[in-house]
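Following: one structure in structure tokens, then a few remarks.
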There are 2 protein chains.
Amino acid sequence: MNEYIERYKDSGFKLTPQRLAILHFLEGNTDHPTAEDIFLAVKTNFPTISIATVYNTLQALKERGKVLELTIDPERKHYDPNTTPHHHVVCTECNEIGDIFEDYSETLQPPEYVLRRFRIAGNHVNFYGICKSCQDKKH
Amino acid sequence: MNEYIERYKDSGFKLTPQRLAILHFLEGNTDHPTAEDIFLAVKTNFPTISIATVYNTLQALKERGKVLELTIDPERKHYDPNTTPHHHVVCTECNEIGDIFEDYSETLQPPEYVLRRFRIAGNHVNFYGICKSCQDKKH
DNA sequence: CTCTTACCTTAGAACCATTATAAGCATATT
DNA sequence: AATATGCTTATAATGGTTCTAAGGTAAGAG
């Protein structure tokens, strides 16, 4: 837990028990949970937590660059504690999201007509497909 | 208008006046409109149209592969009548979306550990940046 | 032609993820 | 101990999207 104290002091981010529980759940999590996923998981150890606290905490983490909000699933937002540049693969059946750690930056150059209209800050690749368990479901 | 009759007969998609108005607005449109954008635009020529009809029509077009639903803007869905493979650039300030017609498919190969878990059907690149008019707004 | 059927449109209600509100709580500072 | 600040919470509000149910339309059957 000292890791957190180190990481968040000076950032005006109070490490309350609720926030520690959320941070602990997110630490190393590669499931790309939704706010509700986080809420339900933390609730088992911390039954009084409110969904509003989850959203508030995610907002604060987002502002501090500690978490990425993913707009990939058309139905809800997902959160990714891995803020290093990487990409994703999404199951078009169940919306499961997987990580892709591959550096495509060399080849992903936006064309001239885009550079004239936008100052580009980053990019992100999504692959779409069907995951194993959804393939199996279709007998 | 005969183009539409040709294009949609046999697909069980009735070409009502409302649908023709929506198709006409979408034809060649590169603005990536939201359902509300479409509703407001069509409403000027067709004041009785309902937003439900816009959503119903978009759903039907989506199912027939005539329109792509874009999950890029965290706030709302956008629709793209251009269904050929292409990519997008998004302004992180105003959510304006631009098209990128560049073929990255050669180099966008998902790694082995992804191919084992997903049957990949496609990919999509988003570039993030700030558009001209938002750059100017920050004086 | 009329009748039937299938599908479409519409207003409004419902839904649901997310955000806002306002009251109470906890902790650090004076 | 008093105060201030920021956090948590339940609940309400918001807003995009979907659902519902009633009526409309037009093509095909008789």
Side-chain angles (χ1 to χ4, degrees), chain A residues 1 4-5 8-25 32-43 45-64 66-80 95 97, chain B residues 1 4-5 8-25 32-43 45-64 66-80 95 97:
Chain A
M1 290 290 154
Y4 293 127
I5 296 169
Y8 288 99
K9 77 179 168 197
D10 302 334
S11 76
F13 181 83
K14 279 197 185 166
L15 284 170
T16 65
Q18 291 89 337
R19 289 178 169 187
L20 280 170
I22 292 169
L23 287 170
H24 184 245
F25 174 73
H32 309 87
T34 65
E36 194 192 4
D37 293 336
I38 298 169
F39 174 62
L40 293 175
V42 171
K43 207 179 167 69
N45 297 323
F46 207 127
T48 65
I49 199 169
S50 154
I51 186 85
T53 298
V54 175
Y55 278 108
N56 289 343
T57 301
L58 287 170
Q59 175 68 29
L61 292 172
K62 217 167 58 177
E63 283 167 2
R64 287 166 180 77
K66 304 294 186 183
V67 126
L68 291 178
E69 188 179 84
L70 304 182
T71 303
I72 293 182
D73 175 353
E75 293 178 7
R76 50 185 60 76
K77 290 174 188 162
H78 292 250
Y79 295 89
D80 193 338
N95 291 321
I97 300 173
Chain B
M1 288 291 153
Y4 294 128
I5 296 169
Y8 287 99
K9 76 178 167 195
D10 301 334
S11 75
F13 180 82
K14 280 197 185 165
L15 284 172
T16 65
Q18 291 88 338
R19 289 178 169 188
L20 280 170
I22 293 170
L23 287 169
H24 184 244
F25 175 73
H32 309 88
T34 65
E36 195 193 3
D37 293 335
I38 299 169
F39 174 63
L40 293 175
V42 172
K43 206 179 168 67
N45 297 322
F46 208 126
T48 64
I49 199 169
S50 154
I51 186 87
T53 298
V54 174
Y55 278 108
N56 289 343
T57 301
L58 287 171
Q59 175 67 30
L61 292 173
K62 218 166 58 177
E63 283 167 3
R64 288 166 178 78
K66 305 292 187 184
V67 125
L68 290 178
E69 187 179 87
L70 303 182
T71 303
I72 293 181
D73 175 352
E75 293 176 9
R76 51 184 61 75
K77 291 174 186 161
H78 293 248
Y79 295 88
D80 193 339
N95 291 322
I97 301 174

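Every chain is numbered from 1, with letters handed out A, B, ... down the list of sequences. Worth saying up front: this structure is predicted, and the values here are computed from it rather than measured.
- For B/Lys14, the listed nucleotide lying nearest its side chain is C/dC7; candidates were C/dC7, D/dA10, C/dA11.
- Contact annotation: B/Tyr55 does not reach the phosphate of D/dT18 (side-chain N/O to OP1 or OP2, under 4.0 Å).
- When the nucleotides D/dT8, D/dT17, C/dT9 are ranked by their closest atom to the side chain of B/Arg19, C/dT9 comes out on top.
- Both A/Pro17 and B/Tyr79 lie near DNA chain D, and the one whose nearest nucleotide falls closer to the 5' end is A/Pro17.
- In this structure, the nucleotide among C/dA11, C/dT18, C/dT9 sitting nearest to the side chain of B/Asn56 is C/dT9.
- Across the protein-nucleic acid pair, B/Glu36 atom CD and D/dT18 atom P stand 15 Å apart, rounded to whole Å.
- Rounded to a whole Å, the CD1 atom of B/Ile38 is 14 Å from the P atom of D/dG16.
- The CZ-P distance, from A/Phe39 to D/dT9, rounds to 9 Å in whole Å.
- As rounded to whole Å, 14 Å separates atom P of D/dC19 from atom CG of B/Leu58.
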*asked:* With side chain to side chain contact (heavy atoms under 4.5 Å, CB included) as the criterion, how do A/Phe13 and A/Arg19 come out once you've worked through the C-alpha distance, each side chain's angles and the decisive distance to 0.1 Å?
replied: CA-CA 9 Å; A/Phe13 181 83; A/Arg19 289 178 169 187; 3.4 Å; yes

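- Looking at heavy-atom distances under 4.0 Å, A/Gln59 makes no contact with the nucleic acid at all.
- Taking atom CG of B/Leu20 as the reference point, atom C1' of D/dT25 lies 14 Å away to the nearest angstrom.
- When the C1' atom of C/dT19 is taken as reference, atom CD of A/Glu69 falls 12 Å away, rounded to whole Å.
- Which of D/dC19, D/dT8, D/dA10 sits closest to the side chain of A/Thr53 comes down to D/dT8.
- Summarising the geometry of B/Ile51 relative to B/Glu36, their closest heavy-atom pair is CD1-CA, 4.3 Å, with the distance given to 0.1 Å.
- Separating the CD1 atom of B/Ile51 from the C1' atom of D/dG16 is a distance of 9 Å, rounded to the nearest angstrom.
- OP1 or OP2 of C/dT9 lies within a sub-4.0 Å distance of a side-chain N or O belonging to B/Thr16.
- Here the options are A/His32, A/Arg76, A/Lys77, the test is side-chain contact (heavy atoms from CB on, under 4.5 Å), and the partner is A/Leu70; only A/His32 passes.
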*Would you check, one step at a time, whether the test side chain to side chain contact (heavy atoms under 4.5 Å, CB included) holds for A/Asp80 with A/Ile97?*
CA-CA 10 Å; A/Asp80 193 338; A/Ile97 300 173; over 6 Å; no

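- Within the nucleic acid shown, B/Ile49 comes within 4.0 Å of sugar-phosphate atoms alone, with no base atom in reach, counting heavy atoms only.
- No side-chain N or O of B/Thr53 forms a donor-acceptor pair with one of B/Asn56 less than 3.5 Å apart.
- Nucleic acid contact class of A/Thr48 (heavy atoms, under 4.0 Å, all strands): sugar-phosphate only.
- Using a 4.0 Å heavy-atom criterion, one finds that B/Glu75 contacts the sugar-phosphate atoms exclusively.
- Taking atom CD on A/Gln18 and atom P on D/dA10, their separation rounds to 10 Å, with Å as the unit.
- Comparing D/dT9, D/dT18, C/dT10 against the side chain of A/Ala52 picks out D/dT9 as the nearest.
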